[in-house]
Amino acid sequence: MLPTDARILKALRQSGHALAVPDLALAAGIPPGELARRVEELRGAGYEIALVPHAGYRLGAGPDRLIADDLRARLEGAALAREIVVFEETGSTNDVAARLARGGAAEGVAVFAERQTAGRGRLGRRWESAAHKGLWFSLLLRPRISVAEWSRLTTWAAVGVARGLEAVSGGAAKAAIKWPNDVYLAGRKSVGILIESAADPVAPYAIAGIGINVNHQPDDFPEGIVATSLREAIGTGDPLDRMAVAATVLRELTALYPVLHDDFPALLAEAEARSLLVGRWVEVRTPMGLMRGMAEGLEPDGGLRLRREEGRLERLSGGEVSVLQW
C-alpha cells in the first residue's frame with residue numbers, strides 16, 4: 001500500500017480539480033482532522049495545495065525536488081519502482097543499489113540522488129551530476145534471463161529511455177541511440193547509461209545506472225562538454241517537472257522489461273532504427289585497437305556489426321565510437 005502522503009497526492013492529481021475533504025480523506029484512508037495536518041506538511045514541503053471554499057483541496061505546482069512519496073504516487077504498480085529511495089547527495093546511486101543488492105534486496109528498487117559526488121559513466125569516466133537539474137538514478141534488477149544474455153540490458157535501457165523522453169516531449173523531441181549506451185536529442189548527448197552486474201551464483205544482480213539531462217541550460221555544462229537537455233531540445237522556456245519525466249521514463253522501462261525475455265528481436269529492431277551509427281562510417285576504439293569501417297547494424301545480442309575498410313566483418317561488444325565525416 002502507498003504511504004499516506006502518496007495517497008493524498010495521487011488522489012489530488014487524478015482528480016484534476018478540487019476534491020471534497022471527505023472524499024480526499026477517504027482516498028487517503030485517514031480522518032479529516034489528520035488530513036488537514038498532512039496537507040499542512042505537504043505545503044511545508046513545497047506543494048501548492050489550496051482549500052477552495054465549498055469545493056475542497058486542489059493541487060497546484062509542486063516543489064522542484066525529488067520526493068519519494070510523490071514518485072511512488074505516480075508509479076504505483078510499476079514493478080521496477082516497487083521501492084524508491086531519494087538522496088539529496090550521495091557518491092554514486094549505482095554503488096548504493098549494489099549495496100542493497102548484496103544485502104538481499106529484491107528486484108525493483110529505484111535509487112535517486114539530487115546530486116552525485118562520484119557519478120561515473122563507462123570506462124570510469126566522471127559523470128557530471130548537477131544538483132536539481134537532471135535525473136540521476138539506478139535500478140536494481142535481477143533479470144530472469146541467463147547471465148550470458150545480460151548484455152541485452154543496455155539495449156533495453158536505451159530504447160526505454162528514448163521512448164520516455166519522446167513521450168514527455170509530446171513528439172517535439174526525437175531520441176536517437178548512439179551505440180552502445182547513449183541517447184541523443186537534437187544531435188547531442190542527453191542521456192548516459194551504465195550497466196554493472198555481479199554474476200553471483202546464488203543471487204546475481206544487475207544495476208542500470210541512468211543519467212538524464214532534464215533542465216540544463218547551455219551554460220550549465222562544463223567547458224568542453226557537448227551535450228543538451230530535454231528542456232533545450234523541446235524548446236520550452238519553463239523548467240520541466242522532473243518527477244513527471246522520471247515517472248514517464250520508468251513506466252516505459254517497466255513496460256519493456258518483459259520484452260528482454262519474450263521478444264528481444266523486436267527491441268533490437270527499434271534500437272537499430274533509432275541508431276545514429278547504422279549506415280555511417282565510424283571509428284571504434286576497442287581493446288583490440290582502433291577499427292574503422294561501416295556500421296552495418298546490430299547483432300542479435302546487441303553488439304555492433306562493423307564492416308571494416310578492407311571488407312572484413314567485425315562483431316563488437318563494446319567500444320568508443322566516433323562518426324567519420326568521409
Side-chain angles (χ1 to χ4, degrees), residues 78-83 92-111 119-125 127 136-164 177-183 191-212 249-250 252-272 274-275 277 284 286-288 297-306 314-321:
L80 296 187
R82 171 187 56 79
E83 181 179 346
S92 161
T93 57
N94 265 30
D95 290 344
V96 174
R99 287 196 296 271
L100 293 172
R102 291 193 295 270
E107 177 176 86
V109 181
V111 180
R120 61 181 179 275
R122 291 179 67 247
L123 306 178
R125 292 195 178 100
W127 177 271
W136 329 118
F137 64 98
S138 299
L139 303 176
L140 167 54
L141 308 171
R142 297 193 187 274
R144 287 169 289 282
I145 53 177
S146 69
V147 173
E149 295 174 315
W150 283 14
S151 58
R152 297 178 178 185
L153 290 169
T154 301
T155 303
W156 156 76
V159 172
V161 172
R163 285 188 179 189
I177 297 171
K178 181 174 181 285
W179 182 89
N181 67 322
D182 294 332
V183 176
V191 179
I193 296 165
L194 176 64
I195 305 293
E196 297 180 313
S197 61
D200 185 293
V202 177
Y205 66 86
I207 306 297
I210 299 171
I212 304 175
V249 169
L250 277 168
E252 291 289 350
L253 289 169
T254 299
L256 278 177
Y257 196 52
V259 182
L260 282 169
H261 182 273
D262 299 336
D263 192 10
F264 184 67
L267 199 59
L268 195 64
E270 181 170 344
E272 191 168 88
R274 291 180 179 275
S275 175
L277 305 181
V284 188
T286 77
M288 299 172 289
L298 299 179
E299 288 292 291
D301 63 353
L304 183 68
R305 189 164 60 253
L306 181 74
E314 301 282 358
R315 294 173 172 84
L316 305 179
S317 60
E320 291 299 301
V321 187

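None of the values given here were measured: they were computed from a predicted structure.
- Residue Asn94 holds its CG atom at 9.5 Å from CD1 of Ile210, rounded to the nearest 0.5 Å.
- Formation of a donor-acceptor pair under 3.5 Å by the Arg142 side chain with backbone atoms of Ala206 is not found in this model.
- Across every non-hydrogen atom of Trp150 and Tyr205, the tightest pair is CZ3-O, 3.2 Å.
- With Leu139 as the partner, the side-chain contact (heavy atoms from CB on, under 4.5 Å) test is satisfied by one option alone out of Thr254, Leu253, Ile207: Leu253.
- Ala158 and Val183 get closest at one heavy-atom pair: O-CG2, 3.8 Å.
- For the pair Glu299 and Leu304, the minimum side-chain heavy-atom distance is 4.5 Å or more.
- The closest side-chain heavy-atom distance from Asp263 to Pro265 is below 4.5 Å.
- The distance from atom CG of Leu194 to atom OG1 of Thr93, rounded to the nearest 0.5 Å, is 9.5 Å.
- Side-chain contact check for Thr154 versus Trp179: every heavy-atom pair is 4.5 Å or farther apart.
- In this structure, Pro300 and Phe264 have side chains that are not in contact, with every pair of non-hydrogen atoms separated by 4.5 Å or more.
- Between Leu277 and Lys178 the shortest heavy-atom distance is CD2-CG, 4.3 Å.
- Looking only at side-chain heavy atoms (C-beta outward), Ser275 and Leu298 stay at 4.5 Å or farther from each other.
- Rounding to the nearest 0.5 Å gives a distance of 6.0 Å between CE of Met288 and CD of Glu314.
- The two residues Ser138 and Ala97 have their closest heavy-atom pair at CB-CB, 4.1 Å.
- Rounding to the nearest 0.5 angstrom, the gap separating the CG atom in Asp301 from the CD atom in Glu149 is 9.5 Å.
- Between the side chain of Arg82 and the main chain of Ala106, a donor-acceptor pair closer than 3.5 Å is present.
- For the residue pair Gly297 and Glu272, the shortest heavy atom distance occurs at CA-OE2, 3.3 Å.
- Side chain of Arg152 to main chain of Leu260: a donor-acceptor pair is present (N/O by atom type, distance under 3.5 Å, no hydrogens or angles).
- Looking at every heavy atom in both residues, Ala271 comes nearest to Thr155 through CB-CG2, 3.7 Å.
- Here CH2 of Trp156 is found 5.0 Å from CG of Leu141. Values are rounded to the nearest 0.5 Å.
- Side-chain contact between Ile195 and Asn181: absent, with no pair of heavy atoms (C-beta onward) separated by less than 4.5 Å.
- The distance from atom CD1 of Ile193 to atom CD1 of Ile212, rounded to the nearest 0.5 Å, is 8.5 Å.
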